[in-house]
Student: 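Quick one: the structure is below, questions incoming.
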Amino acid sequence: MMRFEPAKPSLYGMTPEQLTEFLSEGGFPAFRSKQVLEWMYRKRVAGFEDMKNLPNTMREWLSDNSCLSPNELLLSKKASDITEKLLLKGEDGTLIETVLIRYPQRGVGSDTSRKTICVSSQVGCAYGCKFCASGLAGLKRDLTAAEIISQFLHVSRLEAAITETNSDQSVPFDNIVFMGMGEPLANYDNVVSAIRTLNAEWGLHFGARRITISTSGLVPQIRKLADEPIQFRLALSLHGATNAVREKIMPINKRYPLEELIPAVADFSRKKGRMLTLEFILIEDVNDSYEQAHRLAKIARELHAHVNLIPYNRVEGLPWKRPNIQRQQAFSSILKNEQISHTVRKEKGHDIDAACGQLRLRHEN
Ligand code: SAH
Ligand code: SF4
């Protein structure tokens, strides 16, 4: 993995205590910390020059010794009416992607939609799932907590500019999913620290129940996560209902096979009292058989989990494809007969799945 040392520390990665201590190095009193936090997370300004109630000398000191967003917005592109992608460039030139998904809501005014932000936790991914674009080039590096938080702030500012709302209010999205590039639990400390900032009253004050971490199944980290005080949700990328099928497409299954993984997520949902989501990408002739559907139903029942069926989104250069619509329906009807709560991601969601690494790959190529 690449080593990365930011030139200047970002204030986004700091707790209020750390910020107060940092400011004291410049000789600034503790009450300034609260003001700075308000500018960062309530008003969500882009630079120190906008922090109007701070003395000039302090703003200068801050920009000499620290930064806010450690990455710059390179481009924001509407993939469709529904998704918009942001490409961010890190200090070391690495590219990070974030996706904003606007699901239109029926029955309400035409301009209202539920907004989900999908963030990345690493540059690339070490886990090499065979169907995934993010893992193709391996892991470049972890994102810092500041780089994760910065993704939310870039989206907030973009949205505030579009809707011309006074930005001094709650963040303009309804759900947060860690389903962009990378394996969030492989960057555990930075992801948990970013979630703390998202959730904290001094931070973005965003409800933990609307935050979902998606994992390919890192058992020790899932067990550790169960003891974190924050009440976020967990989605497990299952994609195979038996070891034989799962390990064909997910190398991590060799390290943490189903007989270890299932009890770990069961403990998680018991401790947290949260319903788990099982993600299951449907790939033709790989995991779309009746037998897989029945086995999946059994696992979902045991875990009281909701199943999210995702027709595979093609990745250039990879051989996999999604089953035809009849086969998708047949798979879904088995779950239905077994009374498993489940959803099938709609065709509209096609480019939503492209959240997973694809924009970056194309751009770098
Ligand atoms: N590393 C984590 C989170 C990022 S991937 C994980 O694997 O869960 C987010 C989701 O997108 C995962 O369920 C992943 O399996 C899925 N995914 C990856 N490539 C995909 C593709 N081409 N089509 C549909 N879903 C895909
Ligand atoms: Fe990594 Fe998740 Fe892609 Fe697997 S599916 S390679 S864990 S990002």
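Since this is a predicted model, take the numbers as computed values, not measurements. Order of appearance sets the numbers: ligands from 1, and atoms from 1 within every ligand.
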Student: Is it true that F206 and F152 have ring centroids separated by less than 6.0 Å?
Tutor: no
Student: Classify the contact between L236 and ligand 1 as side chain, backbone, both or neither, using a heavy-atom distance cut-off of under 4.0 Å.
Tutor: neither
Student: Can you tell me which residue pairs pass the salt bridge (charged side-chain N to carboxylate O under 4.0 Å, His left out) test with a partner in residues 247-270, sequence neighbours excluded?
Tutor: R223-D267, D267-R270
Student: Let me check your reading of the structure: within less than 2.8 Å of atom 1 (Fe) of ligand 2, is there an N/O/S atom from C129?
Tutor: no
Student: Extract all donor-acceptor atom pairs below 3.5 Å that involve side chains of residues 231-240 and protein atoms in other chains or at least two apart in sequence.
Tutor:
unit_1	atom_1	unit_2	atom_2	d
R233	NE	R209	O	2.8
S237	OG	E279	OE1	3.4
H239	ND1	E279	O	3.3
H239	ND1	I281	N	3.1

Student: Heavy-atom contacts with Y127 under 4.0 Å: which atoms of ligand 2 show up? List them by number with element.
Tutor: 7 (S)
Student: Does even one non-hydrogen atom of S237 get within less than 4.0 Å of ligand 2?
Tutor: no
Student: Where's the contact between H239 and ligand 1, heavy-atom distance under 4.0 Å: side chain, backbone, both or neither?
Tutor: side chain
Student: Could you tell me which atoms of ligand 1, counted from 1 in the order shown, lie closer than 4.0 angstrom to a heavy atom of F131?
Tutor: 15 (O), 18 (C), 19 (N), 22 (N)
Student: Find all atoms of ligand 1 within a distance of less than 4.0 Å from any non-hydrogen atom belonging to G182, and give their numbers and elements.
Tutor: 1 (N), 2 (C), 3 (C), 4 (C)
Student: Could you list the atoms of ligand 2 found under 4.0 angstrom from a heavy atom of C125?
Tutor: 1 (Fe), 6 (S), 7 (S), 8 (S)
Student: Identify, by atom number and element, the atoms of ligand 1 in contact range of S237, meaning under 4.0 Å from any of its heavy atoms.
Tutor: 6 (C), 7 (O), 8 (O), 12 (C), 13 (O), 15 (O)
Student: Please confirm whether C125 approaches ligand 1 to less than 4.0 Å, judged on its heavy atoms.
Tutor: no
Student: For ligand 1, is G180 a contact, meaning one of its heavy atoms is under 4.0 Å away?
Tutor: yes
Student: Counting only heavy atoms, which portion of E279 has something under 4.0 Å from ligand 1: side chain, backbone, both, or neither?
Tutor: side chain
Student: Measure V315 to ligand 1 on non-hydrogen atoms and call it side chain, backbone, both or neither using the 4.0 Å cut-off.
Tutor: side chain
